[in-house]
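Chain identifiers are assigned alphabetically (A, B, ...) following the order of the sequence lines, protein sequences preceding nucleic acid strands; residue numbering begins at 1 within each chain. Atom set for the values below is all heavy atoms of this structure, side chains included, hydrogens, waters and symmetry mates excluded.
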Amino acid sequence: MGSAFERAEGANGRAVARVLLDSALPQLDHLFDYAVPAELADDIRVGQRVRVPFRNRERKSFGYVIEFVDRSEFGGELAPIADLVTTVPQLTPEVWQLARAVADRAGGSAGDILRLAIPTRQVRVEKQHLAAAEAETEAAPPVEPAPPADPADLAHPGGPVAPTASAASAASAASAVPAASAASAAPSAPEAAVAAELVAGARLAFTASHGPERLHTGEWVGSWAAQLARTAIAVHALGRSAILVTPDYRDLDQLRDALAALGHEDAVRVDSRQSNGERYASFLRALDGVPRIILGNRSAVYAPAHELGAILFWDDGDPVLAEPLTPYVHARDAALVRAEQSRAGLFFMGHARSSEVQRLVELGYVRDQEFPPRRTRVIHADSSIAPDAFAGRVPEFAARTIREGLRSGPVLVQVATAGYAPVAVCGDCGDLARCRACAGPIGFRVVGRASCRWCGTYASDWRCSTCDGERLRERGMGSARTVEQFERQFSGVRVILSDGEHPRERVDGRAALVVATRGAEPLAAGGYRAVILLDAERLLSLETLRAGEDCLRWWENAAALAAPDGLCLMASGGGPVVQAFVLGQSTAWIRNELRDRQALRYPPAVRVASVSGGPDEVERALQQIAGLPGVDFLGPTPLPAGGAARTPAGLVRAIVRFEYGQGGEVARRLRGALVADAAGASSRTRSKSAPGRARPEALRLRFDDRGVFDG
DNA sequence: AGCACGCCGACT
DNA sequence: GTCGGCGTGCTC
């Protein structure tokens, strides 16, 4: 295999190393040339972390060696590299190219991406890893890596693999078969065919079948996890690495179980809950010169996979795949860049199609599967048809479905909001209660304790601004209040609560009424007898651009938790989104939605970037892009002062919209404005604002922000 | 971010 | 003449 050190390119007599410095300053986001000192010439490698003098002889900065050249273009005298931080080359050329391209696309610094890609070094962990690797080489000297398995062994005997709809539909059929067909250790033929396509660079979108699957270990997972695990194992069997990306750690656990049950115990796990040491240990394993299955959350797309064959996503529409740190790059976008650069395959699997992937499908860039997935039976009990038939928290029909289901197993009820009652109103006049501190809406997170939903202040001495009343009344049903009602309504039944604060990963197959907020539904052994979806109208009333899309994802994901012979009941609501869900036409709805967004120039039909800062700064930035074809902007409009981010007064924001083809140019120009603003900043800072604090009027860029149109 | 460089006004 | 104000720009 060869250690990372041996594989990485050395100086080979070249005198100059080009280094990317660790710096948050946009003006420093380029390579700096340093002399390679004689004493380091044999040990220095591309990708190593180094310490270099910067600004003056004494001050040192850290950076990564990007490349070696014979001579520098730089006019002045070169300072020498001071130190190697570690012999392990942490930044592979592939990940560097990725970081550079992703940062450029998002108007950000490569260093900010590298901070996501490379965990902080832990000396102990590194020593351990290197010692283990050495022991292995001694025990088993120069062994070539196992020859890549012939795809023909796994899939189509003889002849090139030409996987098509037939292979894919076989995959669907296989995963639709429930418990009885326990996952076998070898990748099945359909997944091997898909893997062969991926390794050849295919980009595929799959809508996963609903329903759970029993692993031969006895564990239950969503059938999607088993299918995804089989596909990743098939990619790995072709001698390539696979990166599996999921929104949260609960999905990750299912995939880990599925991989282990299929005989793949040594997947590299990269998740946000790991300690620094664990992260670095995983990172070093990924860096080894062997193909691996890498399993993780959004930052896993940057893992230093060896011979990357495919990046596989579960549920790419989940908003947590959007990186919250600058430059806010969505994992899906990073994966698209990486797949292109590394000629790897892309696989998007979910129960509901994201508008972004649908756009790629319509462009012909991603290929859609050509068969319908298996779907839970969905029925609609529209309460507007029989409005009086309510029994407690749920319509009478839903109550009967719950009772029916509880006779043979668990029943899931999905509710919109956590806590006791989402809304507090005046007990006398019925007006909405407002917070005295910030005028935000008041709700009951816990029985009898009203607090502001925006700032959290307890409404202890609340007074109605309309009628001067002093009593607060609960309105609406949060998860806790639903549990309270169900305990009365279905007495003797075990009621289980799972919400964002107290998520429950799994429940057993015994009768229980499980109340969960969207996204926090536990997996039930064997699947739920029934899945009841409440509060559709409340979810649809969320004033975001993606309300419909999000609802479909929440509902499809919940419906997928039903047993193959169970059912899903949409207990209320109506309108096009509910109709689409009930009729199993979520993808068709997304297609229409995308068409609407095209007409309105909303993302993802076009890309957006928000440009904010002082009025002059924003004006200067907008001048750089004015007149570019396919580009327009809204605003600038004043930014509301205060709020959670404590925005100072006098700042403005503009929203730039542009065609994807113009993205490179728009990012380059706005980035140029940002660099100019930052470079000229020091003088203006000293004269205009207080020292110490960051300059509030500084230009800020944010590309592809999902929330820009949500108020 | 810091820090040097340089171009105008008041000076031992 | 020269000291030092601060605006400007660079950091290999």
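For the pair Arg59(A) CZ and dC10(C) P, the computed distance is 19 Å after rounding to whole Å. Taking atom CD on Glu58(A) and atom C1' on dA1(B), their separation rounds to 17 Å, with Å as the unit. Between the CD atom of Glu77(A) and the P atom of dC12(C) there is a distance of 11 Å, given to the nearest Å. We find that CZ of Arg55(A) is positioned 17 Å from C1' of dC5(B), with the value rounded to whole Å. Across the protein-nucleic acid pair, Lys60(A) atom NZ and dT11(C) atom C1' stand 14 Å apart, rounded to whole Å.
Partners of Arg100(A) by salt bridge (Lys or Arg N to Asp or Glu O under 4.0 Å), not counting sequence neighbours, listed by chain and number: Asp29(A), Asp104(A). For Phe347(A), the ring pair (Phe, Tyr, Trp, His ring centres under 6.0 Å) partners two or more places apart in sequence, or in a different chain, are Phe206(A).
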N/O donor-acceptor pairs under 3.5 Å from side chains in residues 633-641 of chain A, not counting sequence neighbours:
none

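Listed by residue number, the members of residues 11-30 of chain A with any heavy atom below 4.0 angstrom from DNA chain B are Leu25(A), Gln27(A). Within residues 33-46 of chain A, the residues approached by DNA chain C to less than 4.0 Å at the level of any non-hydrogen atom are Asp33(A), Tyr34(A), in residue-number order.
The salt bridge (Lys or Arg N to Asp or Glu O under 4.0 Å) pairs that include a residue from residues 305-315 of chain A are Asp315(A)-Arg553(A), where partners are two or more places apart or lie in different chains. For residues 322-331 of chain A, the set of pairs meeting the salt bridge (Lys or Arg N to Asp or Glu O under 4.0 Å) definition, not counting sequence neighbours, comprises Arg298(A)-Glu323(A). Counting only residues at least two apart or on different chains, the salt bridge (Lys or Arg N to Asp or Glu O under 4.0 Å) pairs with a member in residues 75-91 of chain A are Arg51(A)-Asp83(A). Under the ring-ring contact (aromatic ring centres under 6.0 Å, His included) criterion, the residue pairs touching residues 52-93 of chain A are Phe32(A)-Phe54(A), with sequence neighbours excluded.
Judged purely by distance below 3.5 Å, without hydrogens or angles, the side chains of Tyr249(A) and Arg273(A) pair a donor atom with an acceptor atom.
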